[in-house]
Amino acid sequence: MSPKSRLYTLVKAWKNKPFQEVRDACGAPWLGLNSQALEEHQSWSKRQAISHEPIFNNKGTKLTGSLFRPLLQAPDMQLLRLFMEGLDTISYWHRSGRFIPGILPIPIHAIANSEYVDALSDLILNSRLPVGLVALGIQSLPEPNFADACTEGLLRMRRLGVLLHFIHFTGTLQELQWVDELKMEGIHLNMNALREQALAPDVLSSIRRGPYSSTQIYASNMTLVKDLENATAWQIDHCYGGLMMPPISRHQMLQINDSRIAKAIFSLHPHQHLNRNGDK
């Protein structure tokens, strides 16, 4: 029997196997677990949630960070709990020997609130993570009435060694001034805006000059092959989205180093690399 025939037989046998469903009936002990063991199992299950979006360099050859997606739409009542969960994940990677920076999105009104900033500071200090592993993802510009409070909150975060990223960057003059004022380490733009020319490429060129030259550019929503070519042409540093790799669990993050899809796509374009004679 050929290997292909054996594989077909195994798949067919698995397909025809009767489906068995495990139910938790009325809170009864599941699989013989007591209440404490069940609580630990549920806690473990939550930690395996598909919540972390991998970020790669613009060719997909190196994992450069992670975006903790649950914080993007977190209600105020869940903000601190999810932030603590994000820190715990970064600590888990660090204890496992992986230096994976984590971007934790935070709404701007939380940064303007001194009580929130106090709580975030305590969580960051208690995590004892090295400088460079935690980044705040600021999601919008502050209202004029709260601009000073936001700046003070972000400077407090900066003094703790936290990196600052601006999420949902659209290229306005106010955003550029704010990025320069706070010396932000990263800005995130949506590839949809570049495809639709809502964000002109000359804005990216201006970031590469002057006071913004040290700011890293991140491109989200990478879904088309053309996006990879544009990322290289526009000198974008980091990319993430469905084309690179969909969101995964925190344990799965430890198993990856690169984006196989992006590497495979680039391998289909050998004409991008020149030989020693200069021929394509």
Side-chain angles (χ1 to χ4, degrees), residues 51-53 55 64-95 99-170 172-189 207 210-218 220 237-238 250:
S51 305
H52 310 279
E53 188 159 9
I55 300 173
T64 59
S66 172
L67 177 70
F68 188 49
R69 295 196 61 84
L71 277 169
L72 288 171
Q73 303 292 336
D76 289 351
M77 294 297 293
Q78 300 292 327
L79 184 61
L80 293 179
R81 181 186 66 81
L82 289 172
F83 190 86
M84 184 167 55
E85 184 178 329
L87 288 175
D88 181 67
T89 296
I90 300 172
S91 297
Y92 169 69
W93 293 333
H94 185 249
R95 292 193 305 268
F99 194 90
I100 304 176
I103 301 171
L104 307 179
I106 291 294
I108 193 63
H109 70 265
I111 297 298
N113 187 316
S114 60
E115 294 182 355
Y116 267 117
V117 175
D118 289 341
L120 295 174
S121 299
D122 289 342
L123 291 174
I124 293 169
L125 287 172
N126 289 336
S127 71
R128 301 181 182 275
L129 286 166
V131 173
L133 278 184
V134 180
L136 289 186
I138 312 306
Q139 301 190 55
S140 62
L141 287 174
E143 296 291 334
N145 295 340
F146 304 106
D148 291 341
C150 288
T151 299
E152 176 60 27
L154 291 174
L155 290 178
R156 286 183 59 186
M157 294 290 101
R158 173 61 57 77
R159 287 192 287 269
L160 296 178
V162 174
L163 307 182
L164 303 180
H165 286 222
F166 188 77
I167 311 289
H168 310 313
F169 178 80
T170 61
T172 66
L173 180 59
Q174 292 84 354
E175 290 175 348
L176 286 170
Q177 290 174 343
W178 206 44
V179 168
D180 177 35
E181 177 185 351
L182 293 169
K183 307 300 179 187
M184 293 190 175
E185 283 78 13
I187 58 172
H188 297 236
L189 53 92
I207 294 173
Y212 317 106
S213 58
S214 61
T215 301
Q216 297 280 292
I217 302 177
Y218 292 71
S220 67
D237 302 292
H238 310 271
R250 74 177 200 170

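Just so it is clear, the structure is predicted and the values come from calculations on it, not from any experiment.
Residues Leu123 and Leu80 approach most closely at CD1-O, 4.0 Å, considering heavy atoms. Minimum interatomic distance between Ala149 and Ala112 (heavy atoms only, all atoms of both residues): CB-O, 3.7 Å. Nearest heavy atoms, Ala110 versus Ile106: CB-CG2, 4.0 Å. Closest heavy-atom contact between Ala74 and Leu79: CB-CD1, 4.4 Å. Across Ser127 and Ser91, no two heavy atoms sit closer than the pair O-OG, 4.1 Å. For Leu82 against Phe68, the heavy-atom pair with the smallest separation is O-CE2, 3.2 Å.
Atom CD of Gln73 has 12 or fewer heavy atoms from other residues, nucleotides or ligands within 6.0 Å. Counting heavy-atom neighbours within 6.0 Å of Glu181 CD, excluding the residue itself, gives a total above 12. Around atom CG of Asp122, more than 12 heavy atoms belonging to other residues, nucleotides or ligands sit under 6.0 Å away.
Using a 4.5 Å cut-off on side-chain heavy atoms (C-beta onward), Leu136 and Ile111 make contact. Taking the side chain as every heavy atom from C-beta outward, Leu72 and Leu67 approach each other to under 4.5 Å. A 4.5 Å side-chain heavy-atom check between Ile124 and Leu129 finds every atom pair outside the cut-off.
Side-chain N or O atoms of Tyr116 include none that pairs as donor or acceptor with a backbone N or O of His109 at under 3.5 Å. Proximity of a side-chain donor or acceptor of Trp93 to a complementary backbone N or O of Arg250 within less than 3.5 Å is detected. Using a distance-only test at 3.5 Å, with no hydrogens or angles considered, a donor-acceptor pair links the side chain of Glu175 to the main chain of Thr170.
Atom OH of residue Tyr218 and atom CD1 of residue Ile187 lie 10.5 Å apart, to the nearest 0.5 angstrom. To the nearest 0.5 angstrom, Leu87 atom CG is 10.5 Å from Leu133 atom CG. Taken to the nearest 0.5 Å, the CG atom of Asp237 stands 4.0 Å off from the CD atom of Gln216. Expressed to the nearest 0.5 Å, how far NE2 of His52 lies from CD1 of Ile90 amounts to 9.0 Å. How far CG of Leu141 is from CZ of Phe146: 14.5 Å, rounded to the nearest 0.5 Å.
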For residues 154-168, tabulate all N or O donor-acceptor pairs below 3.5 Å that involve a side-chain atom, not counting sequence neighbours.
from	atom 1	to	atom 2	distance (Å)
Arg156	NH1	Asp118	OD1	3.1
Arg156	NH2	Asp118	OD1	2.7
Arg158	NH1	Leu182	O	3.2
Arg158	NH2	Leu182	O	3.3
Arg158	NH2	Lys183	O	3.3
Arg158	NH2	Glu185	OE1	3.1
Arg158	NH2	Glu185	OE2	3.4
Arg159	NH2	Glu152	OE2	3.4
His165	ND1	His188	NE2	2.9

